[in-house]
Amino acid sequence: MQALVIAAHGSHLSAGSSTPTFDHADTIRAVSAFDEVRESFWKEEPHFREVLRTVDADEVYLVPLFISEGYFTEQVIPREFRLEEWEPELWDSDGTSADTATLTAEDTGQTIHYCGPAGTHDAMSDVIVQRAQSVTDDPDVGDGFGLAVVGHGTERNENSAKAIEYHADRIGERDRFDEVQALFMDEDPEIDDVTEYFESDDIVVVPLFVADGYHTEEDIPEDMRLTDDYRTGYDVPTTVDGHDIWYSGAVGTEPLMADVLLERAADAGADVGDAIQRVKSETGGAEASGD
Amino acid sequence: MQGAHLDALVTTAADGIAFDGLVVEPDDGGYVVEVDGDSHAVETDDDLRRVATEYPAYVSNWYFWHASAPQKADRWAFLRWIEGAEERTVPERYNALAEGVTQTWGQLRITARIDDGNRRYDISHVDDTAADATLERYDDPLDARTLVKHDDDGKYRPLKTAPTLRTGWQFVDLDPADLVQTVEFVYPATVANWHRERTGDLDVNHWRETMERQSGIYGVVQTWDRGKGYEHVNWVAEACCDDSQCLKRREWEYDDETELDVDGGDGEFPCREPCSLVISAARRWTKLEGEQPQTYEFELTPSEKEQVERIVEAVADGETEAIREADVYDGANRYRTRFLRAKLFDDEGNLCGVETDAE
């Protein structure tokens, strides 16, 4: 028996925070790649601390639905899941290259294949492109368009910016968009000046966040001047300084995100059969994989 | 179905069977079958089959618990608990299941029924009448995740075990695995922890060790330490963990030598450590409780003092919505409270014009 456990942040205040996690879990359930799929949360239940005991399987693939490596993936999740003898060096990561480490859960004895976060997997680049396609409703979007990949920045974790830049660079190398730029909320280059960083008339802005919430629904739209007051909403696209801004909302809500979770587990040795292809074709990702 | 049950019984008999009052033991080339005080010595598999046919409930019961019910120990034990398997004989249970056996789990009413030996389950809210035709019907456990997100007033429920479960729905005709999964979506990990407690294996983490584990923005809670004093944790437990706020029964204490002075509640399932809501609140209280008390002077009439006390009580007990619009005899009534504000607050919102001294 093998199980997939998804570890996500969740929220005490926002009911919608867990929705993408449930949606992606259901996509994976539908292809029956695992005997069990279970969502778990830092701020909701089942909590990281107790989810493993609700899972029957002895082999568990634990995939953090987080954007970058850092505090949560290196300290909080291993501690709360009680992964014996964990140390970040087991991932041997440069900040974006965490893959997997096999450990034992102290309280349940299960074998835990602890995977790197979804956000730094290569397949995440495809999700960002897919998100651009979704928001423009154009499967061929690219020509004449700039793409901004937006992250929080370094506030507490330098890897946060690394993950954004990693995907911006990868997508840039594909020459699909005229320009690709990493932008941040709390450091340069800042999202406030988005129009200064692009020559293209059309700019797709994809925030690398797991769920929509305060940052993606309030901060970023106001910082980019899509609206004076987030409560009044904004158009897609909205014209700012002569550029059309196509703001997509959190990348983590894109259905293709389920593929990244699945690929993380498969990379760690899970037997997922043809599930990756099936999930890709069901979430529109089949033609998105460019490299 | 009985044919399949008998086939399985005959196949397994050579290994011996002893379960819920049904005993089959290999004996001298044949078997000894004991059921309900009766004993039969049989020589062949056909004889065994014939004798077993006389006890269809025992056979289907054995089959259900070994071939149909989930085998994970806690799920199995939970399903057994629902039908009172440890307290009732098989015939008693089958009679009861024919009518429907009901148990309460938090705010869930779980009813087990029997269908050719297989158990089927319905779940509804304890405050709903199960036969109510207006209840929304569900049969997919995954739907429970959405149902539990908001209370009847549409407010988000960050704590799954808060006694605010929505009404107006029912899950019908679930198989055993789906029953457990639905319960797990409504009250995550309660089945596992309940079972651990019953088997003496509940890993309780008390207040101090839980706070010591915190890091990042929650690391500050470690500084909310009053030496040997634990009054502050009594207040936390009284505020957050009372049965009126959470249906788990608090089993964690201040530390493994110091019990809290407040009651842990009567819930069916245990709480094994301070939850994330308690930790978040404790972070806030750590900051607030770092302040030094000041002496303020206010002039209040006796009724105004009592009114302030009544307002705190009404908010703490969630009564404000229930206070009738024109009930000006209740101190927490909106008009009464607005009058108090109009009379006693200055333009900056200071009570009796007395400024807050932050020093």
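Both backbone and side-chain heavy atoms feed into the values below; hydrogens, waters and symmetry mates do not. A, B, ... follow the sequence lines: proteins, then strands. Residue 1 opens every chain.
When heavy atoms are compared at a cutoff of 4.5 Å, A/E36 approaches chain B solely by way of its side chain, counted from C-beta outward. Using a 4.5 Å cut-off between heavy atoms, B/D201 makes no contact with chain A at all. For A/V37, no part sits under 4.5 Å from any heavy atom of chain B, backbone or side chain. In this structure, the portions of B/L277 lying under 4.5 Å from any heavy atom of chain A include both its backbone and its side chain. With a 4.5 Å cut-off on non-hydrogen atoms, A/T19 touches chain B through its backbone and its side chain both. Residue B/E273 touches chain A through its side chain alone, counting heavy-atom pairs closer than 4.5 Å. Contact annotation for B/F185: both backbone and side-chain heavy atoms come within less than 4.5 Å of a heavy atom of chain A. Proximity to chain B (any heavy atom under 4.5 Å) is restricted, for A/H47, to the side chain, taken from C-beta onward. Both the backbone and the side chain of B/R213 have a heavy atom closer than 4.5 Å to some heavy atom of chain A.
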| said: What verdict does the side chain to side chain contact (heavy atoms under 4.5 Å, CB included) test give for B/K149 and A/S18, after you've listed the backbone C-alpha separation in whole Å, the side-chain angles of each residue and the deciding distance to 0.1 Å? | reply: CA-CA 10 Å; B/K149 273 210 166 171; A/S18 55; 2.8 Å; yes
| field | From CA spacing to verdict: side chain to side chain contact (heavy atoms under 4.5 Å, CB included), A/E45, B/C275 | value | CA-CA 9 Å; A/E45 301 148 279; B/C275 69; over 6 Å; no
| task | Evaluate the side chain to side chain contact (heavy atoms under 4.5 Å, CB included) criterion for residues A/E50 and B/D203: first the C-alpha distance (whole Å), next the side-chain angles of each, then the deciding distance (0.1 Å), finally the verdict. | result | CA-CA 11 Å; A/E50 298 188 338; B/D203 46 345; over 6 Å; no
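Remark: side-chain polar atoms of B/K72 are not paired, donor with acceptor, to backbone N or O of A/D56 under 3.5 angstrom. Judged by distance alone, with hydrogens and angles left aside, the side-chain atoms of B/R75 form a donor-acceptor pair with the main-chain N or O of A/T54 at under 3.5 Å. No donor-acceptor pair under 3.5 Å is formed between the side chain of B/Y156 and the backbone N or O of A/L13.
Side-chain N/O atoms of B/S215 and A/R79 include a donor and acceptor closer than 3.5 Å.
Counting heavy-atom pairs closer than 4.5 Å to chain B, the top residue among A/R49, A/K43, A/E44, A/Q75 is A/R49.
Look at B/R272 and A/D107 and you find no salt bridge, because none of the NZ, NE, NH1 or NH2 atoms lies under 4.0 Å from a carboxylate O.
Around atom CZ of B/R198, more than 12 heavy atoms belonging to other residues, nucleotides or ligands sit under 6.0 Å away.
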